[in-house]
Amino acid sequence: MNIVFMGTPDFAVESLRRIYESGHNIKAVVSQPDRKAGRGMNIIPTPVKEYALSKGITVYQTEKIRKDKELIEKIKELKPDVIVVVAFGQILSQEILDIPQYGSINVHGSLLPKYRGAAPIQWSIINGDNVTGITTMYMDAGMDTGDMIQKYEINIEENDTYGTLYEKMKILGGKAIVETLEKVADGTVQRKKQPDEYSIAKMIEKEMGEIDWNKSSKDIRNLIRGFNPMPGAYTILKDNTKMKVWMAEFSDIVAENEVAPGTFIIADSKRGLFVKTGDGVLELTEIQMPNLKRMSAKEYLRGHTI
């Protein structure tokens with residue numbers, strides 16, 4: 001099939017790669033503009049653009065595709081059978097969605113209708129879910145509201161972080177879109193409307209990562225996992241130092257009832273770093289202090305005190 005692919009981050013690259021290797025004719029790729037990144041603030045091409053150019057695929061970039069009349073006309077001229085959208089980062093107008101003969105298809109990182117919105121992978125971990133997955137769906141003008149095509153489940157392991165689950169979901173998304181396109185091509189697609197009840201995975205803000213030690217050990221650990229590797233969960237120490245917490249484990253240490261949540265009950269280079277929570281104790285196994293690299297709490301405590 002003739003396909004126009006829209007995507008931006010490395011999450012979308014796996015889907016683009018699988019489509020390319022499956023023999024579909026990718027007429028063009030549309031991606032967000034290149035951005036400045038890194039310490040040198042150099043302009044870095046989007047991962048999708050980088051892959052597309054390596055395969056000789058035409059790339060268009062736009063800040064707001066809804067208002068980019070010239071690009072919309074170019075897409076119409078390409079006459080795609082399908083537009084595939086994976087983590088593109090922009091909302092498409094109905095005019096664009098109506099261009100392809102067989103519709104516009106999205107790869108979404110949750111089991112819809114749960115977690116419509118910007119950050120479904122992170123919220124599935126933060127909320128302590130055991131299962132998540134990929135949904136392929138026909139797009140409409142709403143936010144992740146279109147008819148569902150197929151769902152692919154994946155277990156969330158106890159030690160999964162946002163980073164590890166992201167990698168698993170990226171691979172699953174590539175598998176899902178190729179199988180979905182096969183069904184579109186042979187006419188066996190079955191559309192299923194989404195139920196009225198749904199949840200929203202709102203955009204993650206840095207401030208959401210501040211740990212509330214009054215919460216349960218499980219909830220705190222889930223927050224830490226969901227914010228690893230970005231943007232990072234953190235706590236503010238008494239001297240106003242911002243300490244990032246990258247990994248934590250449950251502990252069977254019992255703290256006295258009168259000890260307030262958020263109190264370090266052990267801070268020792270041999271035993272580790274343990275903090276009182278709302279219902280128990282967590283061991284903070286990997287931390288990061290300002291201007292230092294990530295390291296084990298024990299390593300940090302060899303040369304510092306908390």
Side-chain angles (χ1 to χ4, degrees), residues 1-66 68 70-92 96-97 99-109 118-121 134-137 139 152 154 162-185 229-230:
M1 287 194 297
N2 294 322
I3 293 171
V4 168
F5 184 93
M6 299 184 182
T8 300
D10 69 327
F11 186 87
V13 172
E14 179 66 14
S15 293
L16 177 59
R17 182 184 70 81
R18 290 291 300 271
I19 293 170
Y20 177 82
E21 292 178 356
S22 296
H24 293 286
N25 182 22
I26 303 174
K27 303 283 286 187
V29 159
V30 182
S31 192
Q32 297 244 33
D34 300 336
R35 309 289 186 193
K36 292 182 179 180
R39 290 186 177 181
M41 295 303 289
N42 298 316
I43 296 177
I44 305 297
T46 72
V48 162
K49 174 185 177 180
E50 201 166 26
Y51 178 84
L53 292 179
S54 74
K55 301 301 180 184
I57 303 170
T58 300
V59 177
Y60 299 107
Q61 293 177 276
T62 181
E63 197 71 56
K64 288 188 178 180
I65 194 170
R66 295 167 64 94
D68 196 331
E70 183 179 350
L71 179 54
I72 292 172
E73 289 305 312
K74 285 180 180 177
I75 295 172
K76 288 179 180 179
E77 291 171 6
L78 294 173
K79 296 181 179 179
D81 297 315
V82 175
I83 291 177
V84 173
V85 181
V86 186
F88 177 46
Q90 296 184 26
I91 297 174
L92 307 187
I96 298 170
L97 297 176
I99 292 173
Q101 179 182 358
Y102 297 111
S104 299
I105 295 174
N106 177 233
V107 174
H108 183 73
I121 301 175
I134 294 290
T135 304
T136 55
M137 56 176 286
M139 299 178 70
Y152 297 78
I154 188 172
Y162 169 46
T164 61
L165 187 58
Y166 179 98
E167 291 300 317
K168 295 175 186 178
M169 294 276 277
K170 178 171 70 175
I171 294 169
L172 184 60
K175 174 179 183 290
I177 189 58
V178 168
E179 292 186 3
T180 296
L181 290 173
E182 288 174 359
K183 290 183 179 294
V184 172
M230 60 178 296

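We're numbering straight along the sequence, starting at 1. Predicted model only: the values in this text are computed from it and were never measured.
Side-chain N or O atoms of S31 include one that pairs as donor or acceptor with a backbone N or O of G7 at under 3.5 Å. Counting only distance, with no hydrogens or angles, the side chain of N2 and the backbone of D81 share no donor-acceptor pair below 3.5 Å. Counting only distance, with no hydrogens or angles, the side chain of H108 and the backbone of T135 share no donor-acceptor pair below 3.5 Å.
For Y152, the OH atom counts as densely surrounded, since its 6.0 Å shell holds more than 12 non-hydrogen atoms of other residues, nucleotides or ligands. In this structure, I43 places its CD1 atom where only 12 or fewer heavy-atom neighbours from other residues, nucleotides or ligands lie under 6.0 Å away. Crowding of I44 atom CD1: a count of heavy atoms from other residues, nucleotides or ligands under 6.0 Å exceeding 12.
With sequence neighbours excluded, the residues satisfying ring pair (Phe, Tyr, Trp, His ring centres under 6.0 Å) with Y162 are Y166. Legend: residues meeting side chain to side chain donor-acceptor pair (under 3.5 Å) with D34, ordered by chain and number and at least two apart, are K49, Q61.
Here the CE-CE distance, from M139 to M137, works out to 6.5 Å after rounding to the nearest 0.5 Å. Going from atom CD1 of I99 over to atom NZ of K79 covers 12.5 Å, rounded to the nearest 0.5 Å. Considering CD of E21 and NZ of K55, their distance stands at 7.0 Å, rounded to 0.5 Å. Within the model, atoms NZ of K27 and CD1 of I3 stand 11.5 Å from one another, a figure rounded to the nearest 0.5 Å. Note that OG1 of T136 is 9.5 Å distant from NZ of K183, once rounded to the nearest 0.5 Å.
Residues Y20 and I57 meet the side-chain proximity criterion, which asks for heavy atoms closer than 4.5 Å. Two residues are said to be in side-chain contact when any heavy atoms from C-beta on lie closer than 4.5 Å; Q90 and R66 fail this criterion. V86 is not listed as a side-chain neighbour of I177, based on a closest heavy-atom distance of 4.5 Å or more. The closest side-chain heavy-atom distance from I121 to F11 is below 4.5 Å. Looking at V107 and I134, their side chains come closer than 4.5 Å, going by heavy atoms from C-beta outward. Side-chain contact between V4 and P100 is absent, with no heavy atoms from C-beta onward closer than 4.5 Å. A heavy-atom distance below 4.5 Å is not found between the side chains of I171 and E167. Proximity of H24 to V84: side-chain heavy atoms (C-beta onward) are nowhere separated by under 4.5 Å.
Salt-bridge annotation for R35 and E63: present, with a side-chain N of the basic residue lying under 4.0 Å from a carboxylate O of the acidic one.
Looking at every heavy atom in both residues, P120 comes nearest to G109 through CB-O, 3.3 Å. When all heavy atoms of A12 and F5 are compared, the pair lying nearest together is O-CZ, 3.4 Å. Taking each heavy atom of I96 and S104 in turn, the nearest pair found is O-OG, 4.3 Å. Closest approach of P9 and A87 over heavy atoms only: CD-O, 2.9 Å.
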Kindly indicate, with the supporting measurements, whether the criterion side-chain contact (heavy atoms from CB on, under 4.5 Å) is fulfilled by F88 and I65.
CA-CA 11 Å; F88 177 46; I65 194 170; 4.0 Å; yes
Apply side-chain contact (heavy atoms from CB on, under 4.5 Å) to residues L92 and M6 and explain how you reach the verdict.
CA-CA 10 Å; L92 307 187; M6 299 184 182; 3.9 Å; yes
When the side chains of residues 70-77 are checked against the rest of the protein, which donor-acceptor pairs come out under 3.5 Å, sequence neighbours left out?
residue: K76; atom: NZ; partner: E95; partner atom: OE2; Å: 2.8

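When each of L16, D10, V59 is paired with Y51, the side chain to side chain contact (heavy atoms under 4.5 Å, CB included) condition holds for L16 and for no other.
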